[in-house]
Amino acid sequence: MAKRSGERGAAGAANQKRVRRYQHMRDGFKNPQKAFEISPGMKGFFATCTRGREKKSAAETIDLLESYAAQLYPGLEDEIAAEDGDEAAAPAAASGDIEAEIAREVAEMKATSKPRLFRYLQTTIECLIYIKCHRRIDPERLVQFIFADLVKTRQRKTRFTGRLIPAKVTTTSKLDAIVSGAKTVAAELLADDAEPSTFALVVNIRYCDDLKRDDVIPAVAAPLDAKHK
């Protein structure tokens with residue numbers, strides 16, 4: 001009798017866990033505009049992570065990116081801070097109205113704060129995070145720099161983060177926008193003096209019923225097929 005009661009208790013706990021997880025996912029999609037923060041035109045990084053550790057993964061990924069960005073882009077934060085200071089100085093020279101005064105105070109606050117090169121954005125998707133980067137940073141170049149160091153040192157520097165994927169171009173989920181974005185990414189291959197080479201397309205579609213893999217691949221590959229395999 002005691003064994004059966006224990007089995008029922010374990011089954012009930014497991015069921016409650018599934019219900020809570022399902023409710024959590026429903027809550028994330030109640031207001032998609034508020035929960036999903038990625039917008040077309042952004043540059044950044046997708047990263048896979050352990051389920052339920054998205055925020056911890058984001059924190060360690062940002063630490064990793066900041067560490068390598070300091071090596072690849074020395075002095076970038078100081079340059080950005082100087083640019084922001086120059087842009088914010090203009091309103092202070094205007095007439096002494098309230099808006100100019102507020103702008104001056106905001107400029108002073110920015111001058112004392114450190115520029116943020118990387119920022120964690122919500123995706124509403126389990127096990128997948130997105131880190132937005134400053135426009136002066138090339139995601140592909142930074143990831144290649146990180147991987148080159150990891151190959152040399154053979155040391156894993158993250159606990160919860162798995163794959164790190166650069167996102168050079170972010171578009172809407174419309175096929176024509178994706179094709180346009182793909183041309184931007186493949187600009188070197190589309191150049192007149194580009195040497196013939198081999199390329200591959202990997203399509204991962206999540207939470208989108210409007211796109212099909214068999215539609216995306218031919219459309220994206222069409223501009224490249226004339227010269228490349």
Side-chain angles (χ1 to χ4, degrees), residues 37-49 54 57-77 79-80 83 115-121 123 125 127-158 160-206 211 213 216-217 219-225 227-229:
E37 299 178 327
I38 307 173
S39 301
M42 290 182 177
K43 295 195 301 181
F45 310 84
F46 282 103
T48 59
C49 63
E54 284 80 7
S57 172
E60 69 177 10
T61 302
I62 289 177
D63 288 342
L64 179 76
L65 294 171
E66 287 179 343
S67 174
Y68 281 99
Q71 302 175 44
L72 187 61
Y73 299 97
L76 179 60
E77 290 183 346
E79 294 178 12
I80 295 173
E83 291 176 0
R116 297 178 63 183
L117 300 182
F118 305 98
R119 188 158 64 93
Y120 167 48
L121 300 182
T123 65
I125 301 174
C127 307
L128 184 70
I129 64 172
Y130 183 87
I131 307 296
K132 177 185 176 183
C133 69
H134 192 274
R135 64 182 182 278
R136 297 274 294 274
I137 292 177
D138 182 346
E140 181 184 11
R141 184 186 175 196
L142 182 55
V143 168
Q144 289 178 344
F145 183 73
I146 293 173
F147 285 179
D149 183 68
L150 295 180
V151 169
K152 181 173 61 176
T153 61
R154 298 290 181 178
Q155 293 181 356
R156 177 165 182 165
K157 299 187 177 182
T158 58
F160 305 106
T161 305
R163 299 179 63 191
L164 184 63
I165 307 166
K168 295 188 67 172
V169 176
T170 304
T171 72
T172 65
S173 58
K174 302 298 182 182
L175 186 58
D176 56 347
I178 294 174
V179 172
S180 177
K183 289 180 180 179
T184 302
V185 173
E188 294 182 1
L189 295 177
L190 293 172
D192 294 336
D193 57 349
E195 293 293 331
S197 61
T198 302
F199 69 96
L201 299 174
V202 179
V203 180
N204 293 314
I205 301 175
R206 299 177 69 173
L211 290 174
R213 179 179 181 276
V216 174
I217 291 180
V220 173
L224 298 167
D225 278 341
K227 182 180 295 186
H228 307 288
K229 183 178 179 181

Rounded to the nearest 0.5 angstrom, the NZ-NE2 distance for Lys43 and His134 is 9.5 Å
Closest non-hydrogen atoms of Cys49 and Ser57, given as atom of the first, atom of the second and distance, are CB-OG, 3.2 Å
Can you name the nearest heavy-atom pair linking Thr172 to Ala177, along with the distance? OG1-CB, 3.4 Å
Side chains of Phe46 and Ile125: closer than 4.5 Å at any heavy-atom pair? no
Do the side chains of Phe45 and Ile62 get nearer than 4.5 Å, heavy atoms only? no
Once rounded to the nearest 0.5 Å, what's the spacing between atom CD of Glu188 and atom CG of Asp193? 10.0 Å
Identify the two heavy atoms, one from Leu190 and one from Pro223, that lie closest to each other, and give their separation to 0.1 Å. CD2-O, 3.4 Å
For Leu142 and Phe118, work out which heavy atoms get closest and say how close. CD2-CZ, 3.9 Å
Could you tell me whether the side chain of Gln155 and the main chain of Leu150 form a donor-acceptor pair under 3.5 Å? no
Val143/Tyr68 under side-chain contact (heavy atoms from CB on, under 4.5 Å): CA gap, chis, key distance, verdict: CA-CA 9 Å; Val143 168; Tyr68 281 99; over 6 Å; no
Stepwise side-chain contact (heavy atoms from CB on, under 4.5 Å) test for Val203 and Leu211: CA-CA 10 Å; Val203 180; Leu211 290 174; over 6 Å; no
Considering non-hydrogen atoms only, spot the tightest contact between Glu37 and Tyr120 and give its length. OE1-O, 4.2 Å
Quick one: does Glu140's side chain have a donor or acceptor within less than 3.5 Å of a partner on Lys168's backbone? no
Mark yes when over 12 heavy atoms from residues, nucleotides or ligands other than Lys157 sit less than 6.0 Å from its NZ; otherwise mark no. yes
Keeping Thr123 on the side-chain end and Leu128 on the backbone end, is there a donor-acceptor pair under 3.5 Å? yes
Expected output: side-chain His228 to main-chain Leu189 donor-acceptor under 3.5 Å: yes
Worked verdict on Ile137 versus Leu65 for side-chain contact (heavy atoms from CB on, under 4.5 Å): CA-CA 11 Å; Ile137 292 177; Leu65 294 171; over 6 Å; no
Got Asp225 and Phe199 here, is their nearest side-chain heavy-atom distance under 4.5 Å? yes
Output, in order, the C-alpha distance, side-chain angles, deciding distance and verdict of side-chain contact (heavy atoms from CB on, under 4.5 Å) for Thr158 and Asp63. CA-CA 10 Å; Thr158 58; Asp63 288 342; over 6 Å; no
What's the separation between atom CZ in Arg141 and atom CG in Leu72, rounded to the nearest 0.5 Å? 4.0 Å
Leu164 side, atom CG; Ile146 side, atom CD1 - distance, nearest 0.5 Å: 5.5 Å
Crowded around Arg213 CZ? As in, over 12 foreign heavy atoms under 6.0 Å? no
Report yes or no: does Lys227 contribute a side-chain atom to a donor-acceptor pair with the main-chain N or O of Ala191 at less than 3.5 Å? yes
From CD (Glu54) to OG1 (Thr48), nearest 0.5 Å: 11.0 Å
Does Leu117 offer a backbone N or O that forms a donor-acceptor pair with the side chain of Glu77 under 3.5 Å? no
Counting only heavy atoms not in Arg206 (residues, nucleotides, ligands), do more than 12 fall under 6.0 Å from its CZ? yes
What distance do Phe145 atom CZ and Gln71 atom CD have between them, rounded to the nearest 0.5 Å? 4.5 Å
Give the minimum heavy-atom separation between Thr171 and Gly181, together with the two atoms involved. CG2-CA, 4.1 Å
